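Before I ask anything, let me first share the structure, which is written out below as structure tokens.
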Protein chains: 4
Amino acid sequence: MSSSSSAPATGPATARGQRTRNKLLAAAETVFGDMGYERASIVEITRAAGVAQGTFYVYFPSKKAVFVELVWELNRKLRRSLRAATDALVDPDRFELERVGALTFLRFVQEHKDLYRIVRQAEFVDEELFREYYRELSAGYRRGLEQSMDKGEIRRFDPEALVYMLMGILDFVGMRWVLWENELPSEAVIEDMVRFIRDGLRRREGEDG
Amino acid sequence: MSSSSSAPATGPATARGQRTRNKLLAAAETVFGDMGYERASIVEITRAAGVAQGTFYVYFPSKKAVFVELVWELNRKLRRSLRAATDALVDPDRFELERVGALTFLRFVQEHKDLYRIVRQAEFVDEELFREYYRELSAGYRRGLEQSMDKGEIRRFDPEALVYMLMGILDFVGMRWVLWENELPSEAVIEDMVRFIRDGLRRREGEDG
Amino acid sequence: MSSSSSAPATGPATARGQRTRNKLLAAAETVFGDMGYERASIVEITRAAGVAQGTFYVYFPSKKAVFVELVWELNRKLRRSLRAATDALVDPDRFELERVGALTFLRFVQEHKDLYRIVRQAEFVDEELFREYYRELSAGYRRGLEQSMDKGEIRRFDPEALVYMLMGILDFVGMRWVLWENELPSEAVIEDMVRFIRDGLRRREGEDG
Amino acid sequence: MSSSSSAPATGPATARGQRTRNKLLAAAETVFGDMGYERASIVEITRAAGVAQGTFYVYFPSKKAVFVELVWELNRKLRRSLRAATDALVDPDRFELERVGALTFLRFVQEHKDLYRIVRQAEFVDEELFREYYRELSAGYRRGLEQSMDKGEIRRFDPEALVYMLMGILDFVGMRWVLWENELPSEAVIEDMVRFIRDGLRRREGEDG
DNA sequence: CATGAATGAGGCTTCATTCAT
DNA sequence: GATGAATGAAGCCTCATTCAT
């Protein structure tokens with residue numbers, strides 16, 4: 001019977017296959033990161049992976065397919081990082097969570113610069129994919145913020161608005177320092193950011209919600 | 001500068017020439033906005049402009065050239081809008097400026113959805129152009145914020161950090177509502193945003209700067 | 001306005017354009033005839049036409065498109081030839097028409113060997129195109145045969161059956177001699193063919209229809 | 001012949017080997033019939049056969065090789081069918097033979113639509129193979145017709161011409177009804193065909209050969 | 001001034017075939 | 001005896017750009 005006909009072009013599941021697939025994925029990450037989706041070519045990717053051009057199509061049905069996979073990989077990895085970092089905290093308040101979350105995010109960007117740049121291109125590769133990326137990412141964040149509002153830790157906001165504002169801050173800080181300067185923001189910058197967020201979130205004296 | 005003969009393909013300076021050039025520019029804006037830089041083609045642009053293919057090269061030396069020009073045009077227009085809106089205010093404080101600036105930005109995005117998407121692509125067309133765009137945009141904003149700090153209206157921040165955080169907020173709110181929902185954010189969202197920014201900026205009691 | 005957006009990729013209508021288009025069409029005819037549709041390549045066609053590869057797509061939207069055009073061109077030419085030949089006859093009976101039609105067909109094949117082979121491939125390029133080809137070709141033939149039946153010149157047959165039998169005879173004779181031997185069938189063969197058809201059509205004594 | 005060691009990739013001669021080979025052959029028949037020679041792929045064939053891609057080359061040296069084998073298989077089967085059908089007749093005259101031969105052919109086509117389409121493609125895979133197919137098929141037919149002429153059962157014809165005309169009739173009737181309508185021609189059509197052939201063959205009164 | 005036919009490099013993808021396991 | 005991962009040549013098509021008119 002062999003593998004009949006249903007395999008969705010994910011490529012051989014053998015050990016060797018896994019290795020090749022990973023080489024390809026890593027190469028694609030680098031190449032897309034360097035040259036952008038459109039200018040990246042399959043030849044370039046396979047050359048970087050050290051395999052023949054045709055090998056690419058053993059593992060991925062199309063150029064777009066690797067890209068999409070990469071985007072989701074980043075999404076998963078990032079969420080996992082954030083969850084790990086915050087789960088490690090003992091009885092944290094919202095402000096602690098924001099500080100740790102921000103730092104984790106920036107470090108993640110630093111370690112996955114290519115992947116990060118890939119997301120930024122998704123908008124032009126597949127609009128819906130791009131939105132899905134943020135929807136997915138914001139969902140958990142938003143839940144946490146809503147809980148904090150319910151607990152009265154922070155002021156009440158339209159949760160969707162709040163989550164996008166916070167993501168916007170992180171995105172731009174990540175872009176400005178990690179991507180452009182190729183380094184984590186200085187202590188001072190981080191401190192300013194955390195303080196700005198904290199004060200923005202905090203209930204004012206005399207407020208009831 | 002002047003109208004010597006070396007300017008590379010800026011096109012005839014006659015009135016008719018100006019008209020053609022503008023048609024081309026407008027067409028390029030639409031087409032780049034619709035299909036993205038890479039997928040947009042010169043034929044598409046010239047067809048939309050109602051001129052022959054070759055005419056394009058009378059006015060612009062390359063595809064990239066129109067794109068760059070478009071980016072700067074957006075930049076200029078946006079800064080002009082912002083300046084106009086804030087100049088109209090009588091003796092405004094920082095918070096008033098932020099509110100008006102935010103609204104102006106969002107309305108601008110609404111009217112220039114194409115140009116907005118164009119900027120976001122600049123990152124992959126010409127990294128430096130993209131950074132320049134934000135450097136230019138942030139310069140004036142930053143000056144204003146520094147003055148407010150000096151006056152003690154708002155807390156002291158690393159000005160670069162502050163300006164990118166604020167741009168990040170606006171960018172994401174504009175994206176989430178104006179681009180994705182195709183409408184201005186609701187009053188509630190705007191209000192939350194303005195309040196978040198205001199509280200983030202405000203000096204805490206007892207602080208001295 | 002130029003040529004706005006409706007031109008169905010038929011290429012420039014200028015004199016120069018017509019010339020190029022014809023070169024391309026002629027080259028395609030030869031190449032498809034020589035190597036068959038699938039093995040023929042656009043490079044081969046453009047090389048034979050003496051133009052650049054890209055020029056092909058100025059005139060035809062796809063490989064298949066030229067092919068289809070070629071098929072219909074053959075169809076038209078063949079029908080025109082047959083009509084011309086039979087129209088020239090003065091008060092012909094069915095048998096005279098068959099003789100002249102057969103000869104005309106065979107001569108046509110001899111002069112259009114490429115196009116002839118092209119039709120035979122249509123079956124594998126586009127099944128429906130292939131059937132349309134025969135439907136179109138048989139329509140006029142069939143009308144003539146029906147008239148002859150009505151006049152009582154020939155026996156009554158299911159007209160569709162008759163027309164396909166006659167086309168089958170001609171097709172195979174054309175294949176066997178014109179294509180394979182590269183010459184018109186001998187007088188003897190032609191005579192046998194005409195006689196066979198005549199006797200097959202003729203009413204037997206004592207029949208009434 | 002024999003089972004020495006030089007036969008190029010005919011595959012293992014064991015029972016299991018035979019089974020695999022037949023699965024491959026059957027799969028190839030279906031796939032070539034469905035998609036045509038050029039569009040059919042080895043992967044498709046091996047998948048349909050339920051074996052690994054590489055296995056194909058254990059049994060056949062190339063894609064073309066299976067195809068050629070399939071063509072000859074059809075040829076053999078068809079001739080065997082025809083022989084069986086006519087051998088069963090008791091002291092038949094030419095007209096009876098033609099009627100039975102025609103019916104047998106049409107039924108064969110109906111049961112082997114795949115193989116039928118395969119032959120029609122042979123022309124573009126290997127011209128010589130295609131001609132050989134008809135030469136082989138016509139050889140026996142022609143001998144029978146010559147005998148009938150010698151016996152005076154039918155009029156004298158150039159035998160090659162006659163045999164190709166008759167094959168042409170059958171080919172087109174098979175195509176028009178069995179392939180296109182997916183059904184045997186109606187009684188009426190069959191009757192017209194048999195009558196047309198009979199009258200075409202028959203000696204006219206007063207003829208002597 | 002403008003045109004638009006022509007170019008040719010380069011991109012994505014398919015697939016027959018090989019060969020180490 | 002069978003496998004299936006890998007190969008790389010080749011195909012169709014797109015498009016920015018040039019240049020003769």
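What's counted below: heavy atoms across the whole structure, side chains too, no hydrogens, waters or symmetry copies. Every chain is numbered from 1, with letters handed out A, B, ... down the list of sequences. Source: prediction; values computed, not measured.
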Tell me whether the side-chain N/O atoms of D:Ser41 come closer than 4.0 Å to OP1 or OP2 in E:dT14.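 It does not, given that no N or O in the side chain of D:Ser41 lies less than 4.0 Å from OP1 or OP2 of E:dT14.
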Check whether any side-chain nitrogen or oxygen of D:Tyr57 sits under 4.0 Å from OP1 or OP2 of E:dT17, and answer yes or no.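 D:Tyr57 to E:dT17 OP1/OP2: side-chain N or O found under 4.0 Å.
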Whole angstrom value for the distance that separates C1' of F:dG11 from CD of D:Glu38: 12 Å
Identify, between A:Gly50 and B:Arg39, the residue whose nearest nucleotide on DNA chain F lies closer to the 5' end.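 Counting from the 5' end, the first nearest nucleotide belongs to A:Gly50.
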Find the distance A:Phe60:CZ to F:dA5:P and express it as a whole number of Å. 14 Å
Given A:Val71, A:Val125, A:Leu70, A:Asp114, the one that forms side chain to side chain contact (heavy atoms under 4.5 Å, CB included) with A:Phe32: A:Leu70
5' precedence on DNA chain F between B:Val43 and D:Gly17 (nearest-nucleotide basis):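 Taking each residue's closest nucleotide, the earlier one in sequence belongs to D:Gly17.
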First of A:Ala40 and B:Thr55 reached from the 5' end of DNA chain E, by closest nucleotide: B:Thr55
Protein-nucleotide distance (B:Lys23, atom NZ; E:dC1, atom P), rounded to Å: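 Answer to the nearest Å: 14 Å.
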C:Arg21 CZ - E:dA6 P separation (whole Å): 12 Å
How long is the line joining CZ of B:Phe32 and C1' of F:dA16, in whole Å? 11 Å
Report the distance from atom CD of B:Glu44 to atom C1' of E:dG4, rounded to the nearest whole Å.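 One finds 17 Å between C1' of E:dG4 and CD of B:Glu44, rounded.
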Ignoring hydrogens and geometry, is there a side-chain-to-backbone donor-acceptor pair from C:Arg120 to D:Phe124 under 3.5 Å? no
According to a strict under-4.0 Å criterion, is B:Thr14 in side-chain N/O contact with OP1 or OP2 of E:dC1? yes
Among E:dT7, F:dT17, F:dT7, which nucleotide has an atom closest to any side-chain atom of A:Val51?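 Out of E:dT7, F:dT17, F:dT7, the nucleotide with an atom closest to A:Val51's side chain is F:dT7.
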Got B:Glu69 and B:Arg21 here, is their nearest side-chain heavy-atom distance under 4.5 Å?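 With C-beta onward as the side chain, the pair touches.
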What stems involve DNA chain F, if each pair must be Watson-Crick or G-U and both of its distances must be under 3.5 Å, with 3 or more such pairs in a row?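 The stems are E:2-21 with F:2-21.
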Have a look at A:Ala65 and say if it touches a base, only the backbone sugar-phosphate, or nothing, with a 4.0 Å heavy-atom cut-off.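 If one applies the 4.0 Å heavy-atom cut-off, A:Ala65 turns out to touch nothing in the nucleic acid.
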Using a 4.0 Å heavy-atom cut-off, does D:Gly54 contact any base of the nucleic acid, only the sugar-phosphate backbone, or nothing at all? base
For the base of F:dC13, is there a side-chain donor-acceptor partner from C:Gln53 under 3.5 Å away?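 Check passes, donor-acceptor contact within cut-off.
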Mark yes or no: D:Lys63 above the aromatic ring of D:Phe56, with NZ or CZ under 6.0 Å from the six-membered ring centre and no more than 45 degrees from the axis. no
Please check this pair: side chain of D:Arg117 against backbone of D:Leu179, looking for a donor-acceptor N/O pair closer than 3.5 Å. no
Within less than 4.0 Å of OP1 or OP2 of F:dA6, is there a side-chain N or O belonging to A:Arg16? yes
B:Tyr57 versus B:Ile42: any side-chain heavy-atom pair under 4.5 Å?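 Yes, at least one pair of side-chain atoms sits under 4.5 Å.
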Verify, without hydrogens or angle tests, whether D:Gln121 (side chain) and D:Tyr37 (backbone) share a donor-acceptor contact under 3.5 angstrom. yes
Reading DNA chain E from 5' onward, which residue's closest nucleotide shows up sooner: D:Lys64 or A:Ile42? A:Ile42
Look at C:Thr20 and E:dA6 and indicate whether a side-chain polar atom (N or O) is within less than 4.0 Å of OP1 or OP2.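 Yes, such a contact exists.
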Taking NZ, NE, NH1 and NH2 as the nitrogens, is one of them in D:Arg76 or D:Glu73 under 4.0 Å from a carboxylate oxygen of the other? no
So does B:Ser62 get a side-chain nitrogen or oxygen closer than 4.0 Å to the phosphate oxygens (OP1/OP2) of F:dA16? no
Please state how far atom CD1 in B:Ile45 lies from atom C1' in F:dC15, giving the value in whole angstrom units. 12 Å
Just the rounded figure in Å: distance from C1' of E:dG10 to NZ of B:Lys63.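 These atoms are roughly 14 Å apart.
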